[in-house]
Amino acid sequence: MNEEPPTTTDRRVLLITGASSGIGAATARHACAEDWRVVLAARSQERLEALADELGGPERALAVRCDVTEWEDQQRMVSTAMGTFGRIDAAFANAGFGGPRGFLKDTPEHWREMVLTNIYGAALTLRATIPALTDSRGHLLLTSSVAGRRVLPGSMYSCTKHAVTAMGEAARQDLQGTGVRVTLIEPGMTDTPFFENRPQEALQADDIARAVMFALSQPPHMDVNELLIRPTAQPG
Ligand SMILES: NC(=O)c1ccc[n+]([C@@H]2O[C@H](COP(=O)([O-])OP(=O)(O)OC[C@H]3O[C@@H](n4cnc5c(N)ncnc54)[C@H](OP(=O)(O)O)[C@@H]3O)[C@@H](O)[C@H]2O)c1
């Protein structure tokens, strides 16, 4: 029997926002190691291009500059992905950032950017990718947080992540009957550039990437709805 090896175009396509760093970049590396093609989106074009080169160049990884708060960027991200790879099998709405706790600690301008990135940006990624995911009977993943499951004092960030948790469940219900699966990834403290000072006894970005790959590798009838992951040492 002559079995043909899979061709490049058989490889599934994972689109990741926030792919220039941390959890997004680690997920891209794990996905490529498991034979996915990846679309890498963020604002730092040079970092994305360096990662795309590392992952095997244009046949395996596509770098697309995208500010997730801009609808035009999100639409261009998806049309570039479709034009290059012809399909999107999974989309990981992962771009986001935090801020200081205390309602008088952060500036209104920083709140605005955080709300626009963490909530509106994730919603735009969902909106931009749903048609392609419906065609592929694909998989939508969103990065919420432990802070999207338990309220942290004075944390506007925690409020944005509760919105993302709600968005994941709202999307899951909305996409019923399409075959699209929805997974909320809810990391605890993870050692990435998210923190100015490196956290101790934290998870690594690779730990979260493995959780993403676990959700992605399940059979079509099984939807891993949520993965809440803390470092063993994290009390709250
Ligand atoms: N680290 C943790 O402990 C932790 C815990 C729970 C949840 N999370 C969540 O995990 C996700 C990834 O964070 P991380 O820990 O990997 O931190 P990170 O290394 O700082 O990565 C954040 C990513 O988001 C991108 N980003 C920020 N604003 C953006 C915008 N307007 N448009 C496009 N991309 C944007 C950044 O890229 P550019 O700057 O190049 O645009 C970067 O790639 C975030 O949603 C974060 O809230 C993190």
Side-chain angles (χ1 to χ4, degrees), residues 15-30 38-52 63-78 91-101 109-126 128-129 141-150 152 155-165 167-168 183-209 211-212 226-231 233-234 236:
L15 178 151
I16 305 170
T17 70
S20 63
S21 174
I23 291 167
T27 302
R29 291 188 175 98
H30 279 253
V38 289
V39 180
L40 310 169
R43 294 165 303 177
S44 310
Q45 179 91 29
E46 279 185 16
R47 294 226 300 266
L48 294 178
E49 278 168 5
L51 181 58
V64 188
R65 192 197 173 281
C66 172
D67 180 338
V68 295
T69 66
E70 297 291 340
W71 178 228
E72 290 73 20
D73 282 14
Q74 296 254 12
Q75 288 175 294
R76 196 180 55 246
M77 169 184 77
V78 169
F92 185 21
N94 166 71
F97 62 84
R101 289 187 202 172
E109 294 73 26
H110 195 253
W111 274 0
R112 181 183 163 82
E113 281 311 303
M114 191 165 60
V115 168
L116 284 174
T117 304
N118 294 6
I119 306 175
Y120 181 63
L124 291 182
T125 301
L126 188 154
T129 56
L141 304 98
L142 300 100
T143 307
S144 175
S145 172
V146 168
R149 271 290 167 213
R150 58 179 290 267
L152 303 178
S155 171
M156 193 61 175
Y157 173 71
S158 177
C159 300
T160 69
K161 289 300 181 180
H162 274 74
V164 176
T165 301
M167 201 184 303
T183 301
L184 277 161
I185 304 293
E186 298 164 339
M189 190 173 282
T190 308
D191 183 7
T192 71
F194 179 92
F195 294 103
E196 272 176 30
N197 303 312
R198 291 185 69 162
Q200 301 297 307
E201 300 190 279
L203 296 164
Q204 299 302 309
D206 280 335
D207 298 325
I208 306 304
V212 173
E226 294 185 58
L227 286 167
L228 175 61
I229 307 152
R230 287 180 175 86
Q234 182 172 325

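Atoms within each ligand, like the ligands themselves, are counted from 1 in listed order.
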- Within reach of ligand 1, part of Ser144 (heavy-atom separation under 4.0 Å): backbone
- Which bit of Met189 gets closer than 4.0 Å to ligand 1, counting heavy atoms only: side chain, backbone, both or neither? backbone
- Task: Report the member of Tyr157, Phe92, Phe194 with the shortest heavy-atom distance to atom 20 (O) of ligand 1.
- Result: Phe194
- Query: Can you tell me if Glu186 has a non-hydrogen atom under 4.0 Å from ligand 1?
  - Reply: no
- If we number the atoms of ligand 1 from 1 as shown, the ones under 4.0 Å from a heavy atom of Phe195 are 1 (N), 2 (C), 3 (O)
- Query: Among all protein non-hydrogen atoms, which one is nearest to atom 42 (C) of ligand 1, and what is the separation to 0.1 Å?
  - Reply: Ser20 OG, 3.6 Å
- Query: When only distance counts, is Asn94 in polar contact with ligand 1, meaning an N/O pair under 3.5 Å?
  - Reply: yes
- Could you name the option among Gly22, Gly188, Ser44, Ala209 that has the heavy atom nearest to atom 4 (C) of ligand 1? Gly188
- Query: Does Ala26 reach ligand 1, in the sense of a heavy atom lying below 4.0 Å from it?
  - Reply: no
- Query: Under a heavy-atom criterion of less than 4.0 Å, does Ala19 contact ligand 1?
  - Reply: yes
- Relative to the heavy atoms of Asp67, which atoms of ligand 1 are at a distance of less than 4.0 Å? 30 (C), 31 (N), 32 (N)
- Message: I'd like to know if Gly121 contacts ligand 1, where contact means a heavy-atom distance under 4.0 Å to any ligand atom.
- Response: no
- May I ask you to say whether Asp67 pairs ionically with Arg43, meaning some side-chain N is under 4.0 Å from a carboxylate O? no
- Numbering as shown, the atoms of ligand 1 that approach Ser21 to under 4.0 Å (heavy-atom distance): 18 (P), 19 (O), 21 (O), 42 (C), 43 (O)
- Test item, Thr117 contacting ligand 1 (heavy atom, 4.0 angstrom): yes
- Can you list the ligand 1 atoms lying under 4.0 Å from a non-hydrogen atom of Ile23? 10 (O), 15 (O), 16 (O)
- Item | Per-atom contacts, ligand 1 versus Cys66 - under 4.0 Å to a heavy atom | 32 (N), 33 (C)
- Message: Test your reading of the structure: does Val68 have an N or O sitting under 3.5 Å from an N or O of ligand 1?
- Response: yes
- Under 4.0 Å, heavy atoms only, figure out whether ligand 1 is touched by the backbone of Ala147, its side chain, both or neither. neither
- Message: So for Ala25, does at least one of its heavy atoms come nearer than 4.0 angstrom to any atom of ligand 1?
- Response: no
- From the candidates Ala205, Gly18, Ala95, Ala41, the one that places a heavy atom nearest atom 35 (C) of ligand 1: Ala95
